[in-house]
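First up is the structure itself, then whatever we jot down about it.
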Amino acid sequence: MWSTLRTMALVSAAVLVVACGSDEEPTDTTGGTGAEEASGEPDASPEPDEGEAASETGEGPPADLIAAAQQEGEVMVYTAIGAQVVDEWGRSFEEKYGIPVLTNRPGAAAATHEAWAQETEAGQHFADVVIHSLPLLFKEAEEKGWLAEHTPSEIDSYPAELTLPDKLFPLMAALNAHAWNTDHVTEEERQMLREQGQDALRDPRFRDRIAITAADAGGSQLAEYHHVINVLEDEYGWEFMQDLAAQNPVIYDSTVPMGQALVQGEFPVVFALGTTVVANEVLQGAPVEWGYRDDPSAGLFFIAASANAPNSAASRLFLDWALSLEGQQALVNINQGFSSHSEWVDERPIAALDWYEPFSGQVYLEWAFDESVLDDAVTDMHPRWNELFGR
Amino acid sequence: MPAATTTAHQASSDGSQQPIDPRWRATPGRLISRGSPGERLVLIVLLVLLGLLIVVPVAMMFYGAVRTAPIGDDARFTTHAIQQVYTTVPYLRSLGGTLLLALVVATLATGIGSIFAWLMHRTDMPGRRWLEILVMSPLFLSPFVGAVAWITLAAPRSGIINVAARQLFGSEGTLLNIMTIRGIVFVLTLYYVPYAMLFMSASLKNMDPSLEEASYINGAGEWYTLRSVTFPLARPAMTASFFFIGVLAMGVFSVPGILGAQLDFTPLAVLIQRSAGSYPSDYATAAALGTMLFLFTIVGVWLYRRSLRRSSRYVTVTARGFRPRRTSLGRLRYLGSFACLLYGLLAVVLPYSALSLVSLTPYVMTDLTRIEFTLDNITNVLGTRGILEALQNTLIVAVLSSAACVLLGLVTAYVVHRNRTSGRGLLEYLGTMPIAIPGIVFATGIVWTYIRTPLYATLATLVLAFTASYLPHTLRLTGNGLLQIDPVLEEASIVNGASRTHTLRRITLPLSKPALLSGWILVFIFTVREINTAILLISPRSNILSVLTWDLVQDGRIANGAVVGIFQTLLLIGGVAVARFVFKVKLSSV
């Protein structure tokens with residue numbers, strides 16, 4: 001008996017030693033910046049060459065920022081974009097600067113922001129950079145002084161109306177579309193969906209065969225439903241919603257499981273799909289296609305550095321790189337989103353597919369900083385939508 | 001003569017009679033201390049510890065229900081969420097549906113588990129030894145991962161089984177539809193049957209066989225004895241199982257969250273998660289829903305504890321061994337084996353086959369005639385930053401939580417069952433209370449409790465949360481273990497001059513070894529597969545495999561999630577193998 005207990009105690013003690021040994025440095029709850037408390041140990045990562053060369057010529061981030069960031073040694077990104085996407089994207093940053101990118105995805109946009117906000121309110125600072133698709137929440141954070149100030153070296157390549165100057169920047173757009181599984185629609189139906197766009201969803205043949213996301217699921221859904229119901233009221237409006245409700249669609253709380261249901265063939269047709277959700281599978285051969293409105297809406301992901309970042313220099317360097325053309329190309333080539341960088345050329349693998357048709361108009365992004373959109377949604381659109389669809 | 005007025009004596013080494021310490025007052029069948037200052041101190045320390053572990057997070061949840069935001073200077077008090085949740089039809093409807101769902105799942109799981117337990121321990125069914133392992137195996141798979149697997153198998157239009165059936169039989173219909181309320185009941189029942197088997201196995205193994213023997217001797221047949229003796233004796237354990245599973249079913253959100261997209265109602269636990277995760281977030285409503293769920297599950301726990309106490313009356317507390325008579329089933333014994341194999345097929349073989357298939361395809365492919373295989377998912381997962389750390393963290397948390405839970409459970413059970421200090425009832429109730437708290441609700445309270453402390457976002461928070469969550473299990477196991485120890489053995493030690501500490505060390509603890517090890521392995525299993533509690537408590541540096549699986553599935557990376565789910569299962573099997581072959585713990589004894 002005692003030998004058994006001793007064995008178990010030794011195992012537990014060994015595990016405890018490993019656990020304590022794997023603990024990171026104590027949390028800085030005083031709000032100090034990572035740069036001030038950076039270790040004096042030299043960074044063993046490979047010396048950067050592109051970054052230093054760029055700074056010497058005046059392009060890109062300054063050399064002292066790079067040096068300070070490398071001294072700090074890592075950057076923690078809180079992201080509502082898939083952690084694996086950011087993980088893969090971050091490897092490019094690490095290859096360039098020798099600074100590993102750690103990711104944390106507390107959940108979708110609201111959950112990501114809430115996790116960061118609660119921690120900040122409580123004086124617990126882990127996040128260096130925050131990425132999610134709810135700009136109004138970022139605006140609240142900015143008013144509370146939670147966003148760090150930094151002027152990215154390529155800021156002139158971005159539309160000013162999509163930024164909070166030196167605080168918040170557009171990272172990537174995930175366009176909304178209606179989509180279909182080509183194995184589960186006839187060729188005639190496929191042509192209807194391509195040529196008639198989302199109007200095809202009104203056709204009785206699609207009754208009981210459609211899935212949609214809930215209007216209050218997140219920022220992308222807010223953009224899509226506001227655009228369809230209010231902005232395009234003459235063309236679609238509540239009449240379209242009523243026709244859609246009459247098709248007895250299945251409603252998902254999130255676009256991700258809906259996208260998976262589409263890929264699997266559970267639902268032949270879906271509406272309000274953020275296309276980045278299924279793009280990876282499509283490139284792997286999944287039988288899915290989609291179509292945009294002429295002026296599609298988009299979930300717009302924003303990026304900001306935390307004013308309380310434990311690694312202040314690394315957070316700003318990552319921000320700078322993320323908004324550079326190089327960083328943008330790296331991101332959208334992974335998750336097939338859209339960049340707002342003025343010099344970005346669409347060379348995404350998804351755009352090269354036979355069925356892919358680009359949209360002809362402008363992406364609807366005006367909702368992003370319009371507080372009346374959210375106010376209207378909470379007081380009117382969401383309750384009315386939920387009632388119409390029986391939620 | 002009242003025992004208090006009797007001065008007992010013990011024989012000393014010189015043959016003279018020495019008075020026994022008057023604090024040790026022997027009562028029929030029990031040797032219990034009246035409560036020394038030291039014992040009262042231990043009780044107080046335990047009450048404080050359990051209060052911090054359990055009561056404080058629950059109190060924070062109630063606090064959050066009356067605030068506009070959980071923390072922050074802008075938050076103020078409001079009763080709006082409480083009013084909405086407790087008085088409006090949609091929420092009350094959800095409550096009714098949740099109760100009904102829990103009732104049905106508990107009934108089915110208890111019934112099936114009872115039958116299996118009887119087949120294993122009271123009949124001559126062939127292959128009992130291996131079938132028992134098979135029937136207990138669903139403990140290794142989290143219900144969430146099982147639900148993901150069953151969507152792949154039985155989604156109405158695209159599930160593998162339905163696609164294959166259409167191709168084989170040329171029909172257009174749907175053979176199985178898992179995305180219904182029946183589907184949710186089916187999956188939950190599959191994964192709660194082992195719990196029922198644990199309760200019933202313990203009851204049947206510890207039941208006094210002399211009552212059944214008396215029935216046979218008096219000419220009653222086996223089926224009459226089963227109906228009139230065995231079943232009534234086992235009924236309290238069945239009732240305890242029913243309420244225990246009912247409480248668990250009320251608080252689970254992962255399975256109905258995955259399978260319930262097409263339901264007419266939303267279970268309370270899913271509403272909680274939806275309130276917290278939607279935009280804009282409504283933590284007050286989430287907390288208010290948590291309080292509603294808690295108030296109902298606490299009633300379930302009270303009923304569970306009453307039934308458990310009644311079932312312990314029929315436990316044989318003796319140092320003598322016994323072997324119960326096995327019912328001969330004749331040809332029906334093969335039917336019993338078939339039933340167990342069928343259960344294993346549905347609960348283990350099919351889901352793991354689906355997971356394995358998904359992990360080896362580029363995207364979820366359910367048409368077996370057009371399947372393509374790839375190892376990319378496995379290489380992607382192995383190359384994911386953080387996968388090794390998640391594996392390491394899972395092991396650390398599982399080992400430490402198990403050890404802490406067993407230790408705390410043992411000390412608590414000892415105070416409850418071996419002392420007479422007043423306050424033991426409250427201690428036992430506190431120790432059992434975590435069953436009533438749904439994982440996601442408890443985790444919310446834990447976040448709000450520890451967010452301003454250095455423990456936040458560390459593995460320690462996870463260990464604390466799991467220790468509190470699973471304390472009821474180790475309390476039950478160690479308590480049963482203590483109850484099964486014949487007090488005569490401890491009395492003999494005391495009478496012969498041994499101190500209490502010596503008696504604990506040389507008599508009580510060695511005899512409790514099976515219960516301790518069983519508790520350790522059970523908590524290890526639960527911890528490795530736990531999602532409901534962990535999902536809010538992990539941080540970038542304290543991620544664990546179960547939450548990594550959830551994240552990957554939520555990201556749409558089903559195939560990668562399947563790979564991690566399989567890794568998780570391998571870890572569980574490894575832990576159970578160590579327990580079985582190194583520490584000689586039988587899975588059926590938990």
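Just so it is clear: chains get the letters A, B, ... in the order the sequence lines come, proteins before strands, and each one is counted from 1. It should be emphasised that the depicted structure is a prediction, and the values quoted were computed from it without experimental measurement.
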> Who pairs with B:R166 by salt bridge (Lys or Arg N to Asp or Glu O under 4.0 Å), at least two apart in sequence or on another chain?
Replying inline: none
> For the residue pair A:H113 and A:W116, does the interplanar ring angle fall in the parallel (under 30°), tilted (30 to 60°) or perpendicular (over 60°) class?
Replying inline: perpendicular
>> So for B:N543, is it side chain, backbone, both, or neither that comes closer than 4.5 Å to the heavy atoms of chain A?
In response: neither
>> Can you confirm whether A:E387 is buried at CD, in the sense that more than 12 heavy atoms of other residues, nucleotides or ligands lie under 6.0 Å from that atom?
In response: no
> Using a cut-off of under 4.5 Å for heavy-atom pairs, which of B:V163, B:V364, B:I258 has the most such pairs with chain A?
Replying inline: B:V364
> How far apart are the closest heavy atoms of B:V547 and B:A534, and which atoms are they?
Replying inline: CG2-CB, 3.7 Å
> With side chains defined as the heavy atoms from C-beta onward, is the minimum distance between A:W146 and A:E121 less than 4.5 Å?
Replying inline: yes
>> Only pairs of heavy atoms separated by less than 4.5 Å count here; which of A:D183, A:T112, A:T120 has the most with chain B?
In response: A:D183
>> If you count heavy-atom pairs within less than 4.5 Å of chain B, which of A:G285, A:S254, A:A286, A:G82 leads?
In response: A:A286
>> For B:T366, which atoms come within 4.5 Å of any heavy atom of chain A: side chain, backbone, both, or neither?
In response: side chain
> Which answer fits B:V463, side chain, backbone, both or neither, if we ask what part of it has an atom under 4.5 Å from a heavy atom of chain A?
Replying inline: neither
> Which one of A:E88, A:R105, A:E281 has the most heavy-atom pairs closer than 4.5 Å to chain B?
Replying inline: A:R105
> Can you say whether B:T374 sits under 4.5 Å from chain A via the side chain, the backbone, both, or neither, judging by heavy atoms?
Replying inline: neither
> Non-hydrogen atoms of chain B under 4.5 Å away: do they reach the side chain of A:V101, the backbone, both or neither?
Replying inline: backbone
> Side chains of A:Q118 and B:Y456: does their closest heavy-atom pair fall under 4.5 Å?
Replying inline: no
>> My understanding is that only residues two or more places apart in sequence, or in another chain, count here; which of them pass salt bridge (Lys or Arg N to Asp or Glu O under 4.0 Å) with A:E371?
In response: A:K139
